[in-house]
Chemist: 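Below you'll find the structure I mean.
All residue numbers in this chain count up from 1 along the given sequence.
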Amino acid sequence: MEADRRVHVHVDVEVEFGLSSISNLSLDSDSASTSVVVPGVVRFSRDHGGVPQLQFLAGGWEGAERDIVGLDIGNVQIFQLGPVQSVCMAGQLDMSKENMYSRGFKIQFKAEEDSRSFHQKFKQWKGEFACQEPRVSSGALATSRSKFDEKIDASSAKMYFHYYGQLLHQQNMLQDYVRTGTYYAAVIENGADFSGRVVVDVGAGSGILSLFAAQAGARHVYAVEASEMADYARKLIAGNPSLSERITVIKGKVEEVELPEKADILISEPMGTLLVNERMLESYVIARDRFLVAEGKMFPTVGRIHVAPFSDEYLYVEIATKALFWQQHSYYGVDLTPLHEAAFQGYFSQPVVDAFDPRLLVAPPMFHIIDFTKVKEGDLYEVDIPLKFTAAVGSKVHGIACWFDVLFNGSTVPRWLTTAPGSPTTHWYQLRCVLSQPFFVMSGQEITGRLHMIAHNAQSYTIYLTLSAKMWGPGAEQGGILQTSTGKFDLKEPYYRISQPQGYQVPQDQQQHPLFQPQGLNVQPQDIEETELLEPAQNSGIDFS
């Protein structure tokens with residue numbers, strides 16, 4: 001497939017946009033004559049093979065006596081320079097060349113509305129092109145780049161699949177009895193949802209969930225697994241002959257494989273740290289759109305990210321102390337202090353993964369809902385959570401604590417899997433973002449802010465946190481912010497504090513406050529009605545009394 005085509009034959013033009021100007025950015029001599037800025041047209045069309053193309057025509061509309069330059073949609077990247085101006089670049093097929101773009105066009109639209117419509121149409125056609133690429137069947141790998149490959153760095157994907165291709169890591173997950181036991185109960189207790197149905201296990205790993213689905217009476221289960229663990233899954237399933245005839249293991253990514261039939265139900269364990277880490281939720285949603293019948297079920301069905309401010313002086317001092325090394329003025333005769341500030345901020349950029357005491361929470365949590373049955377893949381590229389709390393105690397706020405839970409909304413028994421502090425610990429633990437500049441709040445004071453997570457191609461997220469304490473005392477009715485602290489964190493590079501000793505000494509003035517009393521945070525399905533669950537972020541319903 002060529003990256004650049006000059007065509008004079010009829011093509012199927014579906015939509016086109018007039019341009020106030022178009023200029024060719026290519027440096028080759030053959031295109032030098034068209035490098036001037038002239039009015040033009042950009043349009044979406046298909047060649048005789050039905051391949052989506054982006055075509056550029058300089059100097060007029062379709063009837064003009066000029067060559068049409070056609071670029072295959074799959075090789076084009078768009079960079080928006082302003083409200084009406086963009087650059088379209090066509091990639092080389094020879095990935096060994098340093099110059100990764102062979103053709104380029106700078107285009108300017110006549111109005112912002114035309115620019116917006118063009119970019120929306122491009123995104124739509126780009127997605128269609130990805131769906132038209134050759135996929136895999138029964139485990140054969142596709143030769144072209146899939147949607148997964150387009151958005152995920154190759155080295156990150158290699159490490160990811162290597163990790164999950166090892167039995168020791170699968171054992172770690174299987175031995176998380178909260179995780180495995182909850183999945184088993186959710187499937188077996190809702191056998192009516194699985195009996196006689198077609199099931200797709202998304203990211204099947206060892207195949208344990210596929211075996212659960214078969215135990216529940218599934219007519220057939222397609223276990224899709226991209227890592228080398230697929231081979232182990234085949235062995236495990238073959239070793240259970242009463243179930244193996246109803247399970248087919250397919251080695252490949254859900255973005256690429258083809259299945260012989262649609263699924264009545266999807267099952268998966270797509271959750272990472274803070275629910276979204278590893279970006280497997282996107283693959284879960286893609287599998288939904290590709291394989292699930294209308295009104296089909298998803299296990300899990302809904303996820304919630306819980307957030308609450310916390311106070312932990314021990315943790316703060318522990319992190320800050322790490323940077324003391326860089327305060328040496330004569331380390332083998334070298335002054336290290338110029339790097340102290342950078343090291344200090346670097347340590348605070350690591351989210352902390354551990355199990356913490358719920359008595360450290362400064363306010364009741366709120367939660368953000370992700371409905372897996374409705375969310376779009378693109379919605380997961382950015383997760384934006386407005387924060388608003390009322391402090392239950394006077395305390396120093398060191399950051400926010402996060403955990404998640406998921407609902408298996410079975411027809412018979414809805415069941416929750418929670419990673420909340422105070423509940424039995426899972427291999428996900430909890431996560432805390434510690435601010436390098438903590439601040440004080442009084443009981444009843446309002447804390448506001450924003451948790452903004454942006455996905456990156458290392459299969460994780462960059463977290464931007466802002467927390468503010470509103471005015472307090474005389475004049476507070478006039479509003480305003482008293483103090484603000486911000487932080488930037490890389491979810492890909494957490495500080496695993498699992499083995500560290502946990503010392504919790506509640507200050508004397510906090511000992512009698514109900515928020516700091518021992519409590520169980522187990523969330524029961526009957527505690528939350530479905531209509532309540534789908535409301536915007538709010539108090540999680542956890543009892544702090």
Side-chain angles (χ1 to χ4, degrees), residues 1-95 97-133 144-145 147 150-151 378 381-382:
M1 185 184 297
E2 297 178 352
D4 178 11
R5 299 177 182 172
R6 292 184 180 273
V7 294
H8 300 273
V9 296
H10 172 74
V11 291
D12 182 12
V13 178
E14 295 199 7
V15 63
E16 56 188 10
F17 298 87
L19 302 172
S20 59
S21 69
I22 179 172
S23 57
N24 191 337
L25 302 180
S26 305
L27 301 179
D28 57 280
S29 59
D30 293 340
S31 61
S33 60
T34 61
S35 61
V36 295
V37 178
V38 293
V41 175
V42 59
R43 64 193 185 188
F44 295 87
S45 62
R46 302 177 190 274
D47 64 12
H48 286 300
V51 177
Q53 285 193 328
L54 192 63
Q55 295 188 328
F56 299 90
L57 175 62
W61 295 90
E62 186 175 0
E65 295 296 326
R66 283 186 180 273
D67 287 342
I68 301 172
V69 178
L71 307 174
D72 292 330
I73 289 285
N75 297 325
V76 175
Q77 296 291 332
I78 305 292
F79 303 94
Q80 192 165 6
L81 304 180
V84 296
Q85 200 171 65
S86 297
V87 171
C88 304
M89 306 297 291
Q92 294 244 28
L93 293 182
D94 184 357
M95 302 298 288
K97 294 184 179 181
E98 292 184 6
N99 178 18
M100 295 302 295
Y101 297 101
S102 58
R103 301 301 304 272
F105 296 89
K106 184 177 180 181
I107 58 177
Q108 182 162 325
F109 295 90
K110 297 177 180 178
E112 288 187 34
E113 183 177 351
D114 292 340
S115 178
R116 283 194 298 269
S117 298
F118 169 80
H119 284 278
Q120 290 173 356
K121 181 63 67 174
F122 178 78
K123 183 177 180 180
Q124 174 187 334
W125 277 52
K126 189 83 169 179
E128 179 183 331
F129 179 87
C131 292
Q132 289 184 353
E133 291 183 323
S144 59
R145 287 171 62 83
K147 194 171 187 179
E150 291 289 344
K151 66 183 181 182
Y381 294 169
E382 285 192 49

Chemist: My understanding is that only one of Val84, Leu19, Val42 makes a side-chain contact (heavy atoms from CB on, under 4.5 Å) with Phe118; could you say which?
Modeler: Val42

Chemist: Is any side-chain heavy atom of Ser20 closer than 4.5 Å to a side-chain heavy atom of Phe109?
Modeler: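 Sidechains of Phe109 and Ser20: no contact.
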
Chemist: When rounded to the nearest 0.5 angstrom, what is the spacing between OG in Ser115 and CD in Gln108?
Modeler: 9.5 Å

Chemist: Do the ring planes of Phe44 and Phe122 sit parallel (below 30°), tilted (30 to 60°) or perpendicular (above 60°)?
Modeler: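 Rings of Phe44 and Phe122: tilted, as their planes differ by 30° to 60°.
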
Chemist: For a 4.5 angstrom cut-off between non-hydrogen side-chain atoms, does Lys106 reach Ile22?
Modeler: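 No, too far: nothing below the 4.5 Å cut-off.
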
Chemist: Is any side-chain heavy atom of Ile78 closer than 4.5 Å to one of His119?
Modeler: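 They are in contact (side-chain heavy atoms under 4.5 Å apart), so the answer is yes.
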
Chemist: Is there a side chain to side chain contact (heavy atoms under 4.5 Å, CB included) between Gln55 and Leu71? Walk through the geometry before answering.
Modeler: CA-CA 6 Å; Gln55 295 188 328; Leu71 307 174; over 6 Å; no

Chemist: Could you walk me through whether Ile107 and Cys88 pass the side chain to side chain contact (heavy atoms under 4.5 Å, CB included) test, one step at a time?
Modeler: CA-CA 8 Å; Ile107 58 177; Cys88 304; 3.8 Å; yes

